[in-house]
Amino acid sequence: MSNSGNRTAERTLLWLNASYGLRFEERHANCGYRDHDTGTSALYVLDEAVAPGQEYALNTGLGVARNALYERFDHSVQPYSDEALAQMRGDWTWTRGTGAELDLRPVAAARAAAADPDIDPQDNYRAVMLSGSTGWCAGPAPPSPPSTTIPR
């Protein structure tokens with residue numbers, strides 16, 4: 001994930017959704033999980049500041065179940081606010097993870113921060129379709145990571 005805006009995001013909300021043939025290898029303590037008919041959703045509150053132009057990786061794993069065939073992995077990021085968290089939680093019941101907290105890990109040198117704010121939330125979401133056979137899962141190269149843009 002990256003921040004392509006021009007302000008630091010002090011906290012970030014990260015939503016992940018893995019279809020039923022994929023599984024989260026660890027359930028992190030700073031995350032709520034919700035199992036549903038089509039898979040599992042995870043909602044993380046990341047307390048690390050996300051600096052403008054910096055790209056980060058998540059230090060977690062996603063497993064592939066033996067029944068994986070046509071799978072989907074969705075993810076979105078946005079700046080944290082109490083309102084955004086309440087909206088993402090909706091009326092569903094989320095169960096807090098018990099593993100180590102998920103932390104961000106810088107993966108590249110910072111890019112130049114945007115000169116003007118970009119407040120288009122449409123570029124904060126990505127979906128990756130995965131397909132495979134005989135227990136092996138492959139798919140297209142994932143698109144560039146979603147970015148969180150913080151308006152001035």
Side-chain angles (χ1 to χ4, degrees), residues 1-68 71-114 117-130 137 139 141-152:
M1 113 173 119
S2 65
N3 180 347
S4 60
N6 58 8
R7 281 186 30 196
T8 297
E10 298 303 325
R11 297 176 81 191
T12 305
L13 289 174
L14 170 66
W15 173 80
L16 305 175
N17 187 70
S19 62
Y20 68 90
L22 304 173
R23 66 183 176 279
F24 294 99
E25 291 182 343
E26 184 172 356
R27 296 209 170 194
H28 300 279
N30 57 336
C31 181
Y33 295 86
R34 182 176 77 86
D35 294 316
H36 46 81
D37 291 342
T38 60
T40 302
S41 292
L43 181 57
Y44 297 86
V45 176
L46 301 170
D47 291 324
E48 294 91 343
V50 179
Q54 184 64 57
E55 189 172 317
Y56 297 89
L58 302 172
N59 193 18
T60 192
L62 187 64
V64 179
R66 301 189 99 207
N67 63 341
E71 304 307 324
R72 181 177 173 139
F73 181 71
D74 300 83
H75 50 286
S76 69
V77 294
Q78 64 179 296
Y80 177 88
S81 72
D82 292 337
E83 297 81 22
L85 179 59
Q87 182 179 13
M88 292 178 89
R89 282 184 176 154
D91 293 330
W92 297 299
T93 300
W94 297 80
T95 304
R96 187 180 188 100
T98 58
E101 286 200 0
L102 178 68
D103 294 318
L104 296 176
R105 179 173 45 95
V107 295
R111 293 175 281 162
D118 171 16
I119 56 174
D120 178 13
Q122 299 301 316
D123 64 355
N124 293 353
Y125 172 85
R126 298 283 189 270
V128 178
M129 303 303 290
L130 306 165
C137 191
S144 57
S147 59
T148 301
T149 303
I150 310 303
R152 291 185 212 196

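The first residue of the sequence shown is numbered 1, and numbering continues consecutively from there. Below, each value reflects all heavy atoms present in this structure, side chains not excepted, and no hydrogens, waters or symmetry copies.
Between Leu22 and Phe73 the shortest side-chain heavy-atom distance falls below 4.5 Å. Gln54 is listed as a side-chain neighbour of Pro106, based on a closest heavy-atom distance under 4.5 Å. Counting only heavy atoms from C-beta outward, the side chains of Val77 and Leu13 never approach each other to under 4.5 Å. The shortest side-chain heavy-atom distance between Met88 and Ser76 falls under the 4.5 Å cut-off.
Formation of a donor-acceptor pair under 3.5 Å by the Asn30 side chain with backbone atoms of Leu102 is found in this model. The closest donor-acceptor contact from the side chain of His75 to the backbone of Leu16 lies at 3.5 Å or more, if one exists at all. Remark: side-chain polar atoms of Glu26 are paired, donor with acceptor, to backbone N or O of Ala100 under 3.5 angstrom. Formation of a donor-acceptor pair under 3.5 Å by the Glu71 side chain with backbone atoms of Gly21 is found in this model. When atom types are taken as modelled, the side chain of Tyr33 and the backbone of His28 share a donor-acceptor pair closer than 3.5 angstrom. No side-chain donor-acceptor contact under 3.5 Å links Arg105 to the backbone of Ala57. Using modelled atom types, one side-chain atom of Asn3 and one backbone atom of Val50 make a donor-acceptor pair closer than 3.5 Å.
The number of heavy-atom neighbours closer than 6.0 Å to OH of Tyr20, taken from other residues, nucleotides and ligands shown, is 12 or below. Taking a 6.0 Å sphere around CD of Glu101, one finds it holds more than 12 heavy atoms contributed by other residues, nucleotides or ligands.
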For this session: Tell me, with the steps shown, if Leu62 and Arg23 meet side chain to side chain contact (heavy atoms under 4.5 Å, CB included).
Result: CA-CA 6 Å; Leu62 187 64; Arg23 66 183 176 279; 5.9 Å; no
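Comment: Arg89 does not engage Asp82 in a salt bridge, judged by the lack of any side-chain N to carboxylate O separation of less than 4.0 angstrom. Between Asp74 and Arg72 a salt bridge is recorded (basic side-chain N to carboxylate O distance below 4.0 Å).
Contact detail for Ser41 and His36: the closest heavy-atom pair is OG-NE2, 3.0 Å. Closest approach of Ala51 to Thr8, counting heavy atoms only: CA-OG1, 3.9 Å. Closest of all the heavy-atom pairs between Ala49 and Tyr56 is O-OH, 3.5 Å.
A distance of 5.5 Å separates CZ in Arg34 from CH2 in Trp94, rounded to the nearest 0.5 Å.
The side chain to side chain donor-acceptor pair (under 3.5 Å) test with Asp35 is passed by exactly one of Thr40, Thr95, Thr93: Thr40. The only member of Val45, Thr12, Leu14, Leu46 that meets side chain to side chain contact (heavy atoms under 4.5 Å, CB included) when paired with Tyr80 is Val45.
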